[in-house]
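In what follows, a structure is listed as structure tokens, so that the remarks can point back to it.
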There are 2 protein chains.
Amino acid sequence: MTYAKKEVFTTDLQEIAAFAKVLAHPARLAILDYIAGQNQCISGDITSEIPLSRTTVSQHLQELKNAGLIHGTVSGTRVFYCLETEKIQALKTRMHDFMEKLAESQTQCTI
Amino acid sequence: MTYAKKEVFTTDLQEIAAFAKVLAHPARLAILDYIAGQNQCISGDITSEIPLSRTTVSQHLQELKNAGLIHGTVSGTRVFYCLETEKIQALKTRMHDFMEKLAESQTQCTI
DNA sequence: AATAAATGTCGTATGTTTGCGACATAAAAC
DNA sequence: GTTTTATGTCGCAAACATACGACATTTATT
């Protein structure tokens with residue numbers, strides 16, 4: 001009874017799925033959105049923007065960082081976060097291509 | 001101590017997150033891929049294609065159905081599944097737009 | 001040096017997802 | 001009408017995700 005059987009699928013699908021998972025929580029989307037909204041890198045007062053505890057926001061930030069979607073620069077006691085736009089762009093394209101391939105398939109339900 | 005605080009976020013973000021969650025498992029991506037690969041609607045021999053138990057595949061199919069990404073037509077003892085291409089197209093665009101907005105933000109890390 | 005501010009990590013509780021065997025149902029084949 | 005085939009649902013166990021308070025650390029202020 002082995003759980004987490006993800007490894008039986010192609011790495012391509014695993015990677016896309018892993019990326020989708022990062023986007024699968026509104027808090028993380030809100031964080032990305034907020035960072036993008038500031039025209040400068042803004043520190044962890046993301047925390048005051050997001051209606052969750054500091055701990056929880058910090059965790060979500062770590063996940064985004066692990067996924068390579070953001071990165072933080074320490075400056076004194078503060079940390080300045082910003083988007084990794086190349087990575088985001090790359091994943092956007094990958095996601096889009098996957099969906100496109102699906103949408104283009106003429107899967108006609110003749111029944 | 002209320003868990004599942006998703007409802008504090010905008011419905012827009014909640015919806016995008018919910019969609020991402022459906023794509024967040026390689027088995028579901030593999031199922032979508034497989035259906036798209038057949039040029040006709042193919043019944044649940046998706047099951048023999050996916051290296052998971054029939055039960056588990058059935059569950060993933062239900063999730064995809066609930067999300068409106070596929071739909072099944074009963075014919076005798078068999079069920080023919082096919083993609084809801086309009087829905088897929090719509091979500092593809094929505095996802096893409098969100099990512100685009102992020103990627104375009106000139107979040108310059110000056111530090 | 002002592003205190004305050006900003007942030008991160010640990011442990012833990014709760015909730016959700018994944019996976020499967022066993023059972024249920026319903027149409028088809030015999 | 002009984003058996004076979006295809007599929008779905010139930011209940012459970014393991015794993016994973018989410019959320020937070022308490023503690024730790026590190027730099028700034030006094």
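Here is how names work: the chains are called A, B, and so on, in the same order as the sequence lines, proteins then strands, and each is numbered from 1. These numbers come from a predicted model, not from an experiment. All values below come from the heavy atoms of this structure, side chains included, with hydrogens, waters and symmetry mates left out.
Under the rule for a side chain to side chain donor-acceptor pair (under 3.5 Å), A:Gln14 has no partner lying at least two apart in sequence or in another chain. A search for salt bridge (Lys or Arg N to Asp or Glu O under 4.0 Å) contacts involving A:Arg54 returns nothing, not counting sequence neighbours. Here A:Thr56 pairs with A:Ser53 under the side chain to side chain donor-acceptor pair (under 3.5 Å) rule; sequence neighbours left out. Annotation: side chain to side chain contact (heavy atoms under 4.5 Å, CB included) contacts of B:Thr77 (sequence neighbours excluded): none. Here B:Gln59 pairs with nothing under the side chain to side chain donor-acceptor pair (under 3.5 Å) rule; sequence neighbours left out. For A:Lys65, the salt bridge (Lys or Arg N to Asp or Glu O under 4.0 Å) test picks out no residue, with sequence neighbours left out.
For B:Arg78 and D:dT7, the CZ to P distance is 6 Å, given to the nearest whole Å. Here the P atom of nucleotide D:dT7 and the CD1 atom of B:Ile70 are 13 Å apart, to the nearest Å. With rounding to whole Å, A:Lys65 atom NZ is found 9 Å from C:dG8 atom C1'. In this structure, CG of A:Leu52 is placed 15 Å from C1' of C:dG15, rounded to the nearest angstrom. A:Ile50 places its CD1 atom 14 Å from the P atom of C:dT7, with the value rounded to the nearest Å. Rounded to whole Å, atom P of C:dT7 lies 16 Å from atom CG of A:Leu64. Going from atom CZ of A:Phe80 over to atom P of C:dG8 covers 12 Å, rounded to whole Å. Following rounding to the nearest Å, A:Ile46 (CD1) and C:dT7 (P) show an atom-to-atom distance of 9 Å.
Within the structure, salt bridge (Lys or Arg N to Asp or Glu O under 4.0 Å) contacts touching residues 86-98 of chain B (residues at least two apart or in different chains) are A:Glu100-B:Lys92, B:Asp12-B:Arg94, B:Glu15-B:Arg94.
The residue B:Lys21 sits close only to the backbone: its heavy atoms come under 4.0 Å of sugar-phosphate atoms, none of a base.
Within residues 56-63 of chain B, the residues that place at least one heavy atom under 4.0 Å from DNA chain C are, in residue-number order, B:Thr56, B:Gln59, B:His60, B:Glu63. If you check residues 25-32 of chain A against DNA chain D, the residues with a heavy atom closer than 4.0 Å are A:His25, A:Arg28, listed by number.
Ionic pairing of B:Lys101 and A:Asp33 is present here: one or more N-O contacts between side-chain nitrogen and carboxylate oxygen are shorter than 4.0 angstrom.
Taken from CD1 in B:Ile88 to OG in A:Ser105, the straight-line distance is 7.0 Å, to the nearest 0.5 Å.
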I'd like a table of donor-acceptor pairs (distance under 3.5 Å, sequence neighbours excluded) in which one partner is a side-chain atom from residues 25-32 of chain A, with atom names and distances.
unit_1: A:His25; atom_1: ND1; unit_2: A:Ala27; atom_2: N; d: 3.0
unit_1: A:Arg28; atom_1: NE; unit_2: A:Val22; atom_2: O; d: 2.7
unit_1: A:Arg28; atom_1: NH1; unit_2: A:His60; atom_2: ND1; d: 3.0
unit_1: A:Arg28; atom_1: NH1; unit_2: A:Glu63; atom_2: OE2; d: 3.0
unit_1: A:Arg28; atom_1: NH2; unit_2: A:Lys21; atom_2: O; d: 3.3

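Under the 4.5 Å side-chain criterion, counting only non-hydrogen atoms from C-beta, B:Leu69 is in contact with B:Phe19.
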Where protein sits on nucleotides 22-30 of chain C, one letter per nucleotide: B base, S sugar-phosphate only, - none, heavy atoms under 4.0 Å | B----BS--

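The phosphate of C:dG8 (OP1 or OP2) has a side-chain N or O of A:Tyr81 nearer than 4.0 angstrom.
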